[in-house]
Structure formats: C-alpha cells, structure tokens
Amino acid sequence: MRTNVDNATLSRLNITWDNRQKVADIYRSTKQFHVVNVIGSSEQIAHTLLNVGNHSGKRVQLISQNALHHRQNQQNILRESRTFATWVKHLFQEDQRHTLYGLLHSALPLTNKDVILVDHANKMSAEELISLTNTATRSNSKVVLLNCVSRRQGVKAHSAIQLYTKGNVTTHTWVNSKQADSLVRLHRRDEHNIARTYADLPDKANTQVLATSGVEQRRLTDEIRATLKNDGQLSHTSITLFTQEAHYLSTAPKRVSQVLQSRYDAQTVEKRKTSRLRDRQCR
C-alpha cells in the first residue's frame, strides 16, 4: 500500500505546503481506504492525486459518478507528463477513466499498482460502497473517496459516506489553495506619499495596501481616495453607506428578550387557534 512520493514531484505542485503533505500522507500510508472531506470543488485534489500517482509508479483509476461527470472530468482534470520518463509511459498507457457503473459492472483487471480515485463519493449509495470495497479488497488496490461536504448528496446516498468513515478508514480534510509570489514593500508612515505611490501604480487590481491599525487604515483610505479624485481616476461624486454593526446582549437583557419572545410565541399560537375556530364556525 505504501507509495514513495519524491520531493521533486511535490515541489512542482501549485498548492500550499500543508496540502502537499496531505497528498504525500495519502500515498505513503499503509491504510487501504481513505476518505477526503473536500471543502469546495474537488477538481484540484483530484487533479493533484491523479498526477502525483501517475508520476510515482501508480496507475490511477479516476472514477466519475455518471456520464456527465465523466465528460466534465475529461475536460477539467487533465493528465500531465512532467518528466520524460512519464511522458514515454503515457504514450503506451491509456488514461484510466471510468464511470462508477462501468467499474463495478466490468471485469477490469485491477492489481495493487492501481489507485481507485472516486470523485463525488458523497453521491454513492451503501450498496455501491460495499461493492467498491469488495472489488478493492480482492485486488488489494488503494481507494481514495472524495467526499464533497459542501455539495448535496445523491438521492440514493442516505448519508452512506458518513457511516463509511466510522469503519477502518483514514479521513483527511482538504481546502483548495494556490501559491502566489508577492512583493512586499515597507513604507514610512506618510499617508500622502503612500497615496501618491498607489495612484501611480499601473496595476492596482493586484495591489493591496495594509495598515497596522484601524485608524491608520481609515486615514490611508481617505488619502488614497482624495489623490485618485485629484488625478481624475475617481469621480468627485461618491456615496457613503454606513452598515449596521451587530451588538450582542448581556445576560440580563438576554433573559428579558427570551421571556418576551416566549410570550409573543404564545400569543401567536393563541391567535392562530382563535382564527381556526372562527373559520370552522363560519363553515
């Protein structure tokens, strides 16, 4: 079950160090079954696990829930050849992609070199999970189930994936991430010069101005706006909207509020009963 992933392969991934470590842990683990709770889209982790496995001597079987997901994954989750040896291997080895029905109802020869990567596993039923488990157990293949926690479950699922995680399964949590190089410049506390520097920048959409306090931030905002208006980059006519801030009640007012709310609810129920009684009398 253990697969060694070299640091060169991990260093090419455009993800954070924590996510690189999670990918390495999944392949280096001796456990056969893994469930990854994905927050957001599953494309990034599916793409990462697919290519890391292919570059580490594994044959990754990417499984989609239906024909529609299968076509979408073919377009969005691409197999890459980042080394010459992998490029040559991919010339003679087809990309292994199947639907869940096609995998479970075919005589696909699986071995311990295969990794079954199931996308949107939250849509699987209990019978499908059991059938997949039996298939992987017979072939000694590693299984990675991508559970999209922010997506709806399938009609047939009935929270089967949650029950599945309570067994001898290793669980992980994945949050999509991406690395980006940034250039940080420190300036003296001079609002006018900072505003002038910002106004002269050609690419303001990718520039952030950070301050150390809320007061300094408001001063910088006002100075930058004034500079941009004087340069004609902003209109002199503007509208300021003041948003409401939440104020939380202390213990004593909270009790009074609960008592009033309960009385209001009781009065509402009584009014509904009276209205229904009147309707019956009218009939």
(message) side chain to side chain contact (heavy atoms under 4.5 Å, CB included), that's the test. Do Glu80 and Asn54 meet it? Break it down for me.
(response) CA-CA 9 Å; Glu80 297 178 352; Asn54 288 333; over 6 Å; no

(request) Begin with the C-alpha distance, continue with both residues' side-chain angles, and end with the deciding distance and a verdict on side chain to side chain donor-acceptor pair (under 3.5 Å) for Asn19 and Trp17. (result) CA-CA 6 Å; Asn19 283 348; Trp17 183 88; over 6 Å; no

(request) Determine, stepwise, if the pair Lys22 / Ile15 fulfils side chain to side chain contact (heavy atoms under 4.5 Å, CB included). (result) CA-CA 11 Å; Lys22 292 177 182 178; Ile15 55 178; over 6 Å; no

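Using bins of under 30°, 30° to 60° and over 60° for the plane-to-plane angle, the ring pair His69/His120 lands in the parallel bin.
Taking the side chain as every heavy atom from C-beta outward, Val35 and Tyr164 approach each other to under 4.5 Å. Here the side chains of Leu50 and Arg97 are in contact, with some heavy-atom distance below 4.5 Å. Counting only heavy atoms from C-beta outward, the side chains of Ile161 and Met124 never approach each other to under 4.5 Å. Proximity of Leu104 to Leu132: side-chain heavy atoms (C-beta onward) are separated by under 4.5 Å at one or more points. His70 has its side chain out of reach of Leu62: every pair of non-hydrogen atoms, C-beta onward, lies at least 4.5 Å apart. Residues Val149 and Ile39 are in side-chain contact: their nearest non-hydrogen atoms beyond the backbone lie under 4.5 Å apart. In this structure, Lys123 and Leu100 have side chains that are not in contact, with every pair of non-hydrogen atoms separated by 4.5 Å or more. Taking 4.5 Å as the limit, every side-chain heavy atom of Thr165 sits out of range of all side-chain heavy atoms of Asn147.
Classification of Arg196 and Asp231 as a salt-bridged pair holds, one side-chain N sitting under 4.0 Å from a carboxylate O. Residues Arg218 and Asp222 are not paired through a salt bridge, judged by the lack of any N-O separation under 4.0 Å between the basic side chain and the carboxylate. Using a cutoff of 4.0 Å between basic side-chain nitrogens and carboxylate oxygens, Asp190 and Arg188 are not scored as salt-bridged.
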With a cut-off of 3.5 Å and sequence neighbours excluded, list every side-chain donor-acceptor pair involving residues 137-145.
from: Thr137; atom 1: OG1; to: Thr133; atom 2: O; distance (Å): 2.7
from: Ser139; atom 1: OG; to: Thr135; atom 2: O; distance (Å): 3.1
from: Ser139; atom 1: OG; to: Ala136; atom 2: O; distance (Å): 3.4
from: Ser139; atom 1: OG; to: Ser141; atom 2: OG; distance (Å): 2.8
from: Ser141; atom 1: OG; to: Thr111; atom 2: O; distance (Å): 2.7
from: Lys142; atom 1: NZ; to: Met1; atom 2: O; distance (Å): 3.1
from: Lys142; atom 1: NZ; to: Ile26; atom 2: O; distance (Å): 2.8
from: Lys142; atom 1: NZ; to: Tyr27; atom 2: O; distance (Å): 3.4
from: Lys142; atom 1: NZ; to: Ser29; atom 2: O; distance (Å): 2.9

